[in-house]
Trainee: 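Below are the structure tokens for one structure; questions will follow.
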Amino acid sequence: MDIETAKMLVGAALIVAIGSFTLLTVGWTVRDMLTDLRAGRAERARASTAD
């Protein structure tokens, strides 16, 4: 394996690692946002029935 091939493989590995981390982070953020949205909806429903 020559140097150029090694550089290309390392670059590709970095891109895959960064992309995977980004997708996981975005996925967790969206999941947390939906959980908070559902909790807020349930809280508003409880508050409106308590009145």
Trainee: So does Leu24 have more than 12 non-hydrogen atoms from other groups sitting under 6.0 Å from CG?
Mentor: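 Yes, enclosed.
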Trainee: Mind checking who shares a hydrophobic cluster with Met33, ILVMFWY linked at side-chain heavy-atom distances under 4.5 Å?
Mentor: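 Via sub-4.5 Å side-chain contacts, Met33 links to none.
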Trainee: Among pairs that include at least one residue of residues 5-23, which meet side-chain hydrogen bond (donor to acceptor under 3.5 Å, both in side chains), considering only residues two or more places apart or in two chains?
Mentor: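 Every side-chain hydrogen bond (donor to acceptor under 3.5 Å, both in side chains) pair that includes a residue of residues 5-23, provided the two are not neighbours, is Asp2-Thr5.
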Trainee: Please tabulate, for the side chains in residues 9-19, all donor-acceptor contacts under 3.5 angstrom to protein atoms that are two or more places apart in sequence or on a different chain.
Mentor:
none

Trainee: So, using side chain to side chain contact (heavy atoms under 4.5 Å, CB included) as the criterion, who are the partners of Arg41 when residues are at least two apart?
Mentor: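 Once residues adjacent in sequence are excluded, the partners of Arg41 under the side chain to side chain contact (heavy atoms under 4.5 Å, CB included) criterion are Leu37, Arg44.
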Trainee: What residues form a side chain to side chain donor-acceptor pair (under 3.5 Å) with Glu43, not counting sequence neighbours?
Mentor: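 Residues passing side chain to side chain donor-acceptor pair (under 3.5 Å) with Glu43: Arg46.
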Trainee: Which pairs with one or both residues in residues 26-39 pass side-chain hydrogen bond (donor to acceptor under 3.5 Å, both in side chains), sequence neighbours excluded?
Mentor: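 Those involving residues 26-39 do not exist here.
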